[in-house]
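Working notes, beginning with the structure itself.
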Amino acid sequence: MKAVVGNWKLNGDKAFVLSYLRHLLPQLVEFDAVNNPLVLCPPVILLSQLQTILQQLVSEFPAAASIQLGAQDVSEYGSGAFTGEISAQQLVDQGCRFVIIGHSERRQHQQETNDRIANKIQRALQAGLQPIVCVGETLVQRQQQQVFEVLAQQLAVMTAGDPAAVMLAYEPVWAIGTGKTATTEQVVEVHQWILNFLAQKPYKSVAVLYGGSVKPDNAPQLFAQSSVSGGLIGGCSLDPIALANIHQAAVQVGLI
Ligand code: PGA
């Protein structure tokens, strides 16, 4: 599976959802949405509204049926006394098919460890959600040549479950929201390394997305690399025209 995924992070409200979709949908070119989805990950509180509006707009814009919903996080617990948590099953109930797990912002600000991330992956898989597991090194780790050591630790969580059901996103932390994209050479080097590393595990055919300051102007070159299975888009996904252009780049280079 290949995919373009928009992560709105802590942005958006009800009014934004409607105007966003009204700008995005007319711009979308045709694509194989079943196998190569376009996924929107708004704050969880907007999921149900997003789904309702997509359904309302489908007769006007058939592309509305091609958009999948994702969440930005999931609880490592199934149910019970865990105030503020949202379970994998509750996400499915809201129409989600995907969930981002282990984003570097959560690793940094919510102290998410690899162990907790492993639990979240299991919860997601049990509920039938497709995890998008984020991995990536900080600038200091890159400068100290620890990239592959860090990635090996982060990837150790990928030990069980259906390989086809998990996606990875390589997101160098220093490229997220900074405007600094990794060079194509850096991306290819890491993606190839990840694919080789996982080929020794049950994960032979995992898709590895790239994330970190993906924009309409750098997307075509990134998406043209055979080891890149799509993009995880943060800042630019808040601009529906920019996201449509990034998506179009994926279609044009034959990625999706
Ligand atoms: P960015 O974020 O595109 O704003 O760099 C990517 C991400 O955090 O997933």
Side-chain angles (χ1 to χ4, degrees), residues 1-12 16 20 24 37-44 46-47 67-74 91 96-112 117 120-121 124 129-139 141-142 147 150-151 154-155 166-184 186-187 190-191 194 206-223 225 228-250 255:
M1 182 181 276
K2 317 252 166 112
V4 172
V5 183
N7 173 12
W8 289 7
K9 308 192 180 184
L10 184 50
N11 297 291
F16 177 78
Y20 184 91
L24 175 71
L38 173 59
V39 184
L40 293 180
C41 303
V44 88
L46 297 175
L47 276 168
I67 293 181
Q68 300 285 343
L69 298 184
Q72 299 172 15
D73 180 41
V74 62
L91 292 177
C96 275
R97 264 193 56 202
F98 294 81
V99 59
I100 298 170
I101 296 180
H103 192 283
S104 63
E105 285 154 12
R106 295 200 61 84
R107 290 180 192 261
Q108 188 189 345
H109 303 303
Q110 265 72 33
Q111 286 76 44
E112 283 203 0
I117 288 164
K120 289 179 180 214
I121 295 171
L129 283 172
Q130 171 136 16
I132 303 168
V133 181
C134 300
V135 296
E137 80 287 356
T138 62
L139 186 57
Q141 289 164 338
R142 179 163 277 270
V147 175
V150 169
L151 290 173
Q154 293 174 338
L155 290 171
V166 178
M167 266 184 172
L168 283 173
Y170 169 55
E171 298 207 303
V173 178
W174 48 272
I176 295 178
T178 57
K180 282 188 210 151
T181 323
T183 64
T184 309
Q186 288 170 324
V187 173
V190 172
H191 278 230
I194 291 174
V206 72
V208 187
L209 313 181
Y210 170 76
S213 298
V214 178
K215 302 180 258 276
D217 60 353
N218 59 25
Q221 197 177 354
L222 289 164
F223 292 164
Q225 310 307 316
V228 176
S229 291
L232 179 51
I233 327 296
C236 259
S237 77
L238 289 170
D239 175 348
I241 306 298
L243 185 66
N245 288 338
I246 290 170
H247 183 257
Q248 197 171 349
L255 178 79

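When a ligand or atom number is given, it counts from 1 through the structure's own listing order.
- His247 pairs by the ring pair (Phe, Tyr, Trp, His ring centres under 6.0 Å) definition with Phe31, not counting sequence neighbours.
- From the protein, the heavy atom lying nearest to atom 4 (O) of ligand 1 is Gly235 N, 2.8 Å.
- Distances from atom 8 (O) of ligand 1 to the heavy atoms of Lys215, Glu171, His103 show the closest one on His103.
- Ring pair Trp8/Phe16 is perpendicular by interplanar angle, where above 60° counts as perpendicular and below 30° as parallel.
- Using a 4.0 Å cutoff on heavy atoms, Ser213 counts as a contact of ligand 1.
- At least one N/O-N/O distance between Gly177 and ligand 1 falls below 3.5 Å.
- Heavy-atom proximity to Ala175, at under 4.0 Å, picks out these atoms of ligand 1: 5 (O).
- For Ser237, no heavy-atom contact with ligand 1 is shorter than 4.0 Å.
- A side chain to side chain contact (heavy atoms under 4.5 Å, CB included) with Ile233 holds for exactly one of Val4, Asp239, Leu209, Leu238; it is Val4.
- With sequence neighbours excluded, the residues forming a side-chain hydrogen bond (donor to acceptor under 3.5 Å, both in side chains) with Glu137 are Arg142, Tyr170, Trp174, listed by chain and number.
- Using a 4.0 Å cut-off to heavy atoms of Lys9, the atoms of ligand 1 that qualify are 2 (O), 7 (C), 8 (O).
- Numbered from 1 in the order shown, with element, the atoms of ligand 1 that lie under 4.0 Å from a heavy atom of Gly212 read 5 (O).
- In terms of protein heavy-atom proximity, atom 3 (O) of ligand 1 is closest to Gly234 N, 2.9 Å.
- Between Lys2 and Pro37 the shortest heavy-atom distance is O-CD, 3.3 Å.
- Interatomic distance, Ile176 CD1 to Glu105 CD, rounded to the nearest 0.5 Å: 6.0 Å.
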